[in-house]
J.: 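Here it is: the structure, laid out below.
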Number of protein chains: 4
Amino acid sequence: MDADAAAAALTQAARDKLKQTVMSIEKLEEEKAEVGDHIKAVYAEAKAMGYDTKALRNVIKLRKMDRREREEADAILDTYLLALGEI
Amino acid sequence: MDADAAAAALTQAARDKLKQTVMSIEKLEEEKAEVGDHIKAVYAEAKAMGYDTKALRNVIKLRKMDRREREEADAILDTYLLALGEI
Amino acid sequence: MDADAAAAALTQAARDKLKQTVMSIEKLEEEKAEVGDHIKAVYAEAKAMGYDTKALRNVIKLRKMDRREREEADAILDTYLLALGEI
Amino acid sequence: MDADAAAAALTQAARDKLKQTVMSIEKLEEEKAEVGDHIKAVYAEAKAMGYDTKALRNVIKLRKMDRREREEADAILDTYLLALGEI
DNA sequence: ACCTCGCTGTCAATGC
DNA sequence: GCATTGACAGCGAGGT
């Protein structure tokens, strides 16, 4: 029987922990999917109001890229300041 | 000036609504990323405890497929029951 | 027997064509892998000569992005010219 | 000026070699992309002929795995034979 | 030997 | 309904 095999391979504690881990991942993935659905709903609402969702997605993407570039620039700046003993 | 162009193209209300939409999408995407990070952390913890994360991911995937199949089966059943006037 | 099942499901011609398709995809994937290996070899050689491969990869990526942007700009230009009846 | 900085950092020969390297990587990546396009075309053709491309991709994948397993088995066999002085 | 990161291949969502 | 495009997960290579 498979349950026996499992019993042989893992201690009770290990199996419990495994079960907990699986449960918590599944719960988190569900949350993630819900947030994703929520995002879709916002786009759908915007579309219903007459906005061009493609352009909207572009705006989001560009702002994300800008943010990323700023962060990279900051990181470089920090590196320089650190190198100069300014931090 | 670009701001003038924008002012010409959209009403103040439309621009405010657009701004709100962008903000709310960005907020949701941030949440989503956080949940994703959380998931990674759980996998990392499991790995640190000696679990094989690849196997773990497989477990999650299989359970998700099972769930999906059950849901599909339920949907088909509902369709049949509906067709038979049983619901 | 499985071969019988296959025989029942597909005509001889269809099976031959399928076999040809699989063979040609496999051949192409092999080619692709070889080119990939070749690329790796070039990076390895560059590294052996003292170049920073990470920086090198960045150069390649940036040039690709530039190329893409140029192409997009050209496409937009073409659109405009076309709209103006200049082409 | 940037060109001066580059001139200061690298010898003419080093810059030429770098240029060659970049060119050859870009050429290879282009080839790779072409082969990739070719593969897509074959799948598209198969689809147009009525084949289920998802199933087709599965076939390719399974055959690749089989090949890999065979190669691994062969490698192990070689190791044993070598160890036994049979090669 | 591990870990991080880039790449590829897959899947779903959108527009035509 | 299909074809294109974008997001995501999985894999492999490279660095530490």
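Computed from a predicted model, the values in this text were never measured in an experiment. The chains referred to below are lettered A, B, ... by the order of the sequence lines, with proteins before strands, and numbering in each begins at 1.
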J.: Between the side chains of D16(B) and Q20(B), is a donor N or O closer than 3.5 angstrom to an acceptor N or O?
T.: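 The answer is no; no qualifying pair exists.
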J.: Across nucleotides 4-16 of chain F, 5' to 3', mark each nucleotide with B, S or - according to how protein heavy atoms within less than 4.0 Å reach it.
T.: ----SSSS-S-S-
J.: Could you tell me if the side chain of K17(B) sits less than 4.5 Å from the side chain of E45(A), heavy atoms only?
T.: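 They are in contact (side-chain heavy atoms under 4.5 Å apart), so the answer is yes.
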J.: Nearest whole Å is fine: how far is dA12(E) P from K64(B) NZ?
T.: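 Nearest whole value for this atom pair: 10 Å.
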J.: Any heavy-atom pair between the side chains of R68(C) and M65(C) that's under 4.5 Å?
T.: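 A side-chain contact is absent here, since even the closest heavy-atom pair is not under 4.5 Å.
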J.: Flag the pair R67(B) and E71(B) as a salt bridge only when some basic side-chain nitrogen lies within less than 4.0 angstrom of an acidic carboxylate oxygen.
T.: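 Looking at E71(B) together with R67(B), the answer is no, because their closest N to O distance does not fall below 4.0 Å.
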J.: What's the CG-P distance between L56(C) and dC5(E), to the nearest Å?
T.: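 Rounding to the nearest Å, CG of L56(C) and P of dC5(E) are 20 Å apart.
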J.: Would you call K64(C)-E29(D) a salt bridge at under 4.0 Å N-O?
T.: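 Answer for the salt bridge query: yes.
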